Amino acid sequence: MATPETTRAPRILLVEDEEKTRASIREGMVLEGWIVTEAADGGEASRLLKAGGFDLCVLDRMLPGRDGIELLGQLRGGGDATPVLMLTARGTLNDRLQGLDGGADDYLTKPFAFAELIARCRALLRRSDRNPPRILRCGDLQLDTRARVAVRAGREIALTPREVDVLEYFMLNQGHTVSREMLERDVWKQPRRLTSLDNVIDVQIMRLRKKVDAEGEPSLIRTERGVGYRIGEPGA
Ligand code: CA
């Protein structure tokens, strides 16, 4: 399977005191090819962060000793801009705002689907990457993320800016299911709307798919019924 070009493996600091949760997150991240350093409490995390070199910190909100919010405050107060994804067992609005106000780049409430955690991490890594992959590939489809041009089997595909955004998001999450909620939050950037964007998203993706999969070409974008969408090489 084609994978996006990367310059080096991302380094992740995973701060979570609950051993089982930490081990399972770590395992999944390692499968992604990421380099994971673990910390079980705020003090250890603080020491590791001072040493620097992390592309992303996944930070549990509730930690023994120094909690996640406190640690985050210390980090940002010291001018450290390492992207932080905060995890919390609590989902109250107040908690969420505290995390984001405190300088977290994103926020995920437990329990979460592992695919969603990885997708959010990828989005943060991509944002912070100083050398983002320029060419993303899936089978005979190529997307130039800077020129924002898609080509399939030598045929240039005319896409709207939104379609490029959606295609880029699919390709970065190649081989993984992308839910409508993920698209709503990360591409449409409208989380927690009162009215769902599901129909808008479905229509948009139907159009994109018609352009990407020309007549006679194997379908790259597939519907995962009731779950979302997935891009991948035919048969993958
Ligand atoms: Ca915890």
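Remember, predicted model here, so these are calculated numbers, not experimental data. When a ligand or atom number is given, it counts from 1 through the structure's own listing order.
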Engineer: Under 6.0 Å from the CD atom of Glu224, do we count more than 12 heavy atoms belonging to anything else shown?
Structural biologist: yes
Engineer: Between the main-chain N or O of Ala214 and the side-chain N or O of Glu217, is there a donor-acceptor pair closer than 3.5 Å?
Structural biologist: yes
Engineer: So, does Lys189 use its side chain to make a donor-acceptor pair with the main chain of Asp186 at under 3.5 Å?
Structural biologist: yes
Engineer: Is it true that the side chains of Tyr229 and Asp202 contain a donor and an acceptor less than 3.5 Å apart?
Structural biologist: yes
Engineer: Keeping to distances under 3.0 Å, can you name the protein N/O/S atoms close to the Ca ion (ligand 1)?
Structural biologist: Asp17 OD1, Asp60 OD2, Met62 O
Engineer: So, Lys110 and Asp60, do they make that salt bridge, N to O below 4.0 Å?
Structural biologist: yes
Engineer: Is there a donor-acceptor pair closer than 3.5 Å between any side-chain N or O of Asp144 and the backbone N or O of Ile135?
Structural biologist: no
